[in-house]
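Here is the structure we will look at.
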Amino acid sequence: QVLLVESGGGLVQAGGSLRLSCAASGRTVSRYAMGWFRRAPGKEREFVAVISRSGSNTHYGDSVKGRFTISRDNAENTVYLQMNSLKPEDTAVYYCAASHQPQRPGAYYSTEGRYDYWGQGTQVTASS
């Protein structure tokens, strides 16, 4: 069992930056590929980014490429999402998730069903 707790969300002006954190407890996060998803009002949950167990491989959704960066600190059992150049359309609840699936290319993890554990989410609002 893994408990994931997101933090760092908030209100920011368009063009600004935020860094989200996902703290894991229960089992070491190094066992899992870690992903971020988001859900905007009235929309389905959307894949944002994933990082491999070692941190050597990452994969991003098209809408955030070049603006967001996922990273991890396995010693601290924490995963991060650095969000730069935020746009109003980035407004959503952001969720952290852990996948115990065997190592696969990054695109494999863009589907919600690949993940075993989810956090409760943190709200990000980018105002225009």
Inset, instruction - Check whether L81 and Y32 end up in the same hydrophobic cluster, where Ile, Leu, Val, Met, Phe, Trp and Tyr are linked by side-chain heavy atoms less than 4.5 Å apart. - result: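 As far as the 4.5 Å side-chain criterion goes, Y32 and L81 are connected within one cluster.
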
Inset, instruction - Say whether Y117 and Y95 are linked into one hydrophobic cluster, either directly or through other cluster members, by side-chain heavy-atom distances under 4.5 angstrom. - result: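 Each belongs to a different hydrophobic cluster.
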
Could you grab the distance from atom [atom1] of [X] to atom [atom2] of [Y], nearest 0.5 Å is fine?
X: D116; Y: H100; atom1: CG; atom2: NE2; result: 7.5 Å
X: R31; Y: N77; atom1: CZ; atom2: CG; result: 10.5 Å
X: D73; Y: S30; atom1: CG; atom2: OG; result: 11.0 Å
X: Q103; Y: N57; atom1: CD; atom2: CG; result: 6.5 Å

Inset, instruction - Check whether NZ of the Lys or CZ of the Arg R114 lies under 6.0 Å from the centre of the six-membered ring of Y108 and within 45 degrees of that ring's axis. - result: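 Judged by the rule (NZ or CZ under 6.0 Å from the ring centre, within 45° of its axis), R114 counts as positioned above Y108.
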
Legend entry - Stacked cation flag R19 on Y80, 6.0 angstrom / 45 deg: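 So R19 does make the cation-pi contact.
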
Inset, instruction - Check step by step if side chain to side chain contact (heavy atoms under 4.5 Å, CB included) holds for C96 and W36. - result: CA-CA 5 Å; C96 172; W36 286 95; 4.0 Å; yes

Legend entry - Test: R39 and E46 ion pair at under 4.0 Å: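 No.
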
Inset, instruction - Please check if atom CD in Q82 has more than 12 non-hydrogen atoms from other residues, nucleotides or ligands closer than 6.0 Å. - result: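 Result for CD/Q82: enclosed.
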
Inset, instruction - Assess whether atom CD of E44 is packed by more than 12 heavy atoms of other residues, nucleotides or ligands within 6.0 Å. - result: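 At most 12 heavy atoms, drawn from other residues, nucleotides or ligands, come within 6.0 Å of this atom.
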
Inset, instruction - Test R67 against M83 for side chain to side chain contact (heavy atoms under 4.5 Å, CB included), laying out the working first. - result: CA-CA 6 Å; R67 300 187 297 123; M83 305 185 295; over 6 Å; no

Inset, instruction - With side chain to side chain donor-acceptor pair (under 3.5 Å) as the test, would you mind laying out the steps for E76 and N74 before giving the verdict? - result: CA-CA 5 Å; E76 295 294 329; N74 286 341; over 6 Å; no

Legend entry - Single hit among I70, V48, V79, T122 for side chain to side chain contact (heavy atoms under 4.5 Å, CB included) with L20: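 The passing option is T122.
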
Legend entry - Stepwise side chain to side chain contact (heavy atoms under 4.5 Å, CB included) check, S52 with T58: CA-CA 6 Å; S52 63; T58 58; over 6 Å; no

Can you see which heavy atom on [X] is nearest to which on [Y], and at what distance?
X: V29; Y: T78; value: CG1-N, 4.2 Å
X: R27; Y: V2; value: CB-CG2, 3.9 Å
X: G121; Y: V93; value: CA-CG1, 3.8 Å
X: Q120; Y: V5; value: OE1-CA, 3.8 Å
X: L4; Y: A24; value: CD2-CB, 3.7 Å
X: Q101; Y: R53; value: O-NH2, 2.7 Å

Using a 3.5 Å distance criterion without hydrogens, assess whether the side chain of [X] forms a donor-acceptor pair with backbone atoms of [Y].
X: S99; Y: Y115; value: no
X: S54; Y: S56; value: yes
X: Y109; Y: R104; value: yes

Inset, instruction - Starting from the C-alpha separation in whole Å, work towards a yes-or-no answer on salt bridge (Lys or Arg N to Asp or Glu O under 4.0 Å) for D62 and K65. - result: CA-CA 5 Å; D62 289 341; K65 279 181 183 176; 3.2 Å; yes

Inset, instruction - Kindly write out the residues that satisfy ring pair (Phe, Tyr, Trp, His ring centres under 6.0 Å) with F47, not counting sequence neighbours, or none if the list is empty. - result: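 Partners of F47 by the ring pair (Phe, Tyr, Trp, His ring centres under 6.0 Å) criterion, ordered by chain and then number, come out as F37, H59.
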
If you define the side chain from C-beta out and look only at heavy atoms, does anything of [X] sit under 4.5 Å from [Y]?
X: T91; Y: Q123; value: yes
X: S17; Y: V12; value: no
X: V124; Y: L18; value: yes

Inset, instruction - List the steps and the verdict of side chain to side chain donor-acceptor pair (under 3.5 Å) for E6 and Y94. - result: CA-CA 8 Å; E6 302 95 335; Y94 283 71; over 6 Å; no

Inset, instruction - Report the residue from K87, R38, E89 that forms a side-chain hydrogen bond (donor to acceptor under 3.5 Å, both in side chains) with S63. - result: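 Only one of K87, R38, E89 forms a side-chain hydrogen bond (donor to acceptor under 3.5 Å, both in side chains) with S63, namely R38.
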
